[in-house]
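Below is one structure, written out as structure tokens, with a few remarks after it.
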Protein chains: 2
Amino acid sequence: MSASVITYDRGMGRWEPNARGRLAQAALTLYNEKGFDATTVAEISARAGLSERTFFRHFPDKREVLFSGTEMVRDLLARTIAEVPATAAPVQAVGAALGAVCGIMQEDPERVRLRDSVVSAHTELRERELIKLAMFASVMTEALIERGVSERVANLAAEQGVAIFKVAFALWVRGPDGSKLTDILHELMAEARGVLGAVSRPHSCAGGSSWPTMGP
Amino acid sequence: MSASVITYDRGMGRWEPNARGRLAQAALTLYNEKGFDATTVAEISARAGLSERTFFRHFPDKREVLFSGTEMVRDLLARTIAEVPATAAPVQAVGAALGAVCGIMQEDPERVRLRDSVVSAHTELRERELIKLAMFASVMTEALIERGVSERVANLAAEQGVAIFKVAFALWVRGPDGSKLTDILHELMAEARGVLGAVSRPHSCAGGSSWPTMGP
DNA sequence: CTTAGTGATGACAGTGACTGACATCATGAG
DNA sequence: CTCATGATGTCAGTCACTGTCATCACTAAG
């Protein structure tokens, strides 16, 4: 409540440290309190005791504040795939990498659920989430190629892994409290094989009008 | 202030028809000529002989102009899955639906490639593309549930189908000219089964620090 | 013919995200 | 002390997008 005391009540140094963290915290709080759209960058900055301009020095846009840990996950995925024994199949390497990410998320389920409620409530944020997942697939693809896997198989394994991860996360995040994301992921990876098992020659179906780009 | 007597200097009176089409055409042209970011809505509107305000009456935002056919594809997916014989497995229904979409795209490969070059060149547009694909998965999931498939399997089949579609499209759009997207899709669906065949109990890997949301 | 209703558009004045340019103020190296 | 550096403030500006009202053509009564 007393957040109004913007003036540096800080005797010792100059500006408070951890500006980035304060901005992120203020943003998450406000996004929850008022919703993403109703929250202005000016408000976030004010609550953090910083100027609007400074917000954009730390985050390229209003959404990115919720996705700042993405690089760490990217590195984890790449590293895990690189470290998996060479005897492992591509899909096993993918499973290990995604399992590592699951492990991280399980460490703080509450925060994950809170963040998910903010993200899933707004289209723009869901878009960013999809970009993040696409990046995961891209990173894993490259890491697999590094292992000597063909581009085609690497891409396929990575995209399928991410697809399964999406389903697992959705089940977990709104499932019972004690459940383990890693368990769900591995269950689904096994199930997925069965689901694809029925592939034969699909039925043909004639197409409709024209490509969904635009009118004349 | 002054009632701004701009009055239609448009000789014949009457506004030209097909405003939406002209806007879409002008936008695609300008996005190609100058790039997406460098193109302002004012320019698009001017080239179409309309006001900026009118642009936003036809398209909710600057990107949507490239994605106006999405609803038609959504309907095609839902309809195709509903029409596939009840004996078909979920993954076959998904294959048939995506095959139908492939059929549409094959009708005008040049336009698809042109549009792809615009979309893949800009992050914001790629985001929209991912939303579109996520919507495909969502629509197919619901259509499968209508057929009596469990939510879990429906979601899995749809997400995997879309994942494979993404890979197929990427291969096709920058592949040789004569190739058929439907063929690539079906090849990959068969391969995907093999890729997942190696699933066993994935290696475990300890996680790192904390969830990728934000700092303190 | 006149009048009122409708639908698409123009005009205008915002709001808010984001950027560029420059000033300011502590800290640390010399 | 001086100067460079890095983080921030301040200000002006662009542009996507919105709300509101006026305008024009067309149409259907009256």
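These numbers come from a predicted model, not from an experiment. Heavy atoms only: backbone and side chains are in, while hydrogens, waters and symmetry mates are out.
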Figure out the [atom1]/[atom2] separation between [X] and [N], and round it to whole Å.
| X | N | atom1 | atom2 | value |
| --- | --- | --- | --- | --- |
| B:Asp61 | D:dT18 | CG | P | 8 Å |
| A:His58 | C:dT19 | NE2 | C1' | 16 Å |
| B:Leu30 | D:dC15 | CG | C1' | 16 Å |
| A:Glu64 | C:dT19 | CD | P | 12 Å |
| B:Phe36 | D:dA16 | CZ | C1' | 10 Å |
| A:Lys34 | C:dG16 | NZ | C1' | 13 Å |
| A:Leu23 | C:dA17 | CG | C1' | 15 Å |
| A:Glu52 | D:dG9 | CD | P | 11 Å |

(request) Starting from the 5' end of DNA chain C, give me the residue, A:Arg57 or A:Asp37, whose nearest nucleotide shows up first. (result) A:Asp37
(request) Would you state whether a donor and an acceptor, one from the side chain of A:Arg53 and one from the base of C:dG20, lie under 3.5 Å apart? (result)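 When only heavy-atom distances are counted, A:Arg53 does reach the base of C:dG20 through a donor-acceptor pair under 3.5 Å.
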(message) Assess, by modelled atom type and distance only, whether the side chains of A:Gln25 and A:Thr29 contain a donor and an acceptor separated by less than 3.5 Å.
(response) yes
(message) Classify the ring geometry of A:Phe169 against A:Phe165: parallel below 30°, tilted from 30° to 60°, perpendicular beyond 60°.
(response) parallel
(request) Would you check if the side chain of B:Gln106 reaches a backbone N or O of B:Thr182 as a donor-acceptor pair within less than 3.5 Å? (result) yes
(request) Report yes or no: does B:Arg74 contribute a side-chain atom to a donor-acceptor pair with the main-chain N or O of B:Val139 at less than 3.5 Å? (result) no
(message) Under 4.0 Å, counting only non-hydrogen atoms across every strand here, what does B:Thr39 touch: a base, just sugar-phosphate, or nothing?
(response) sugar-phosphate
(message) Below the 4.0 Å mark, does C:dA8 have OP1 or OP2 next to a side-chain nitrogen or oxygen of B:Thr54?
(response) no
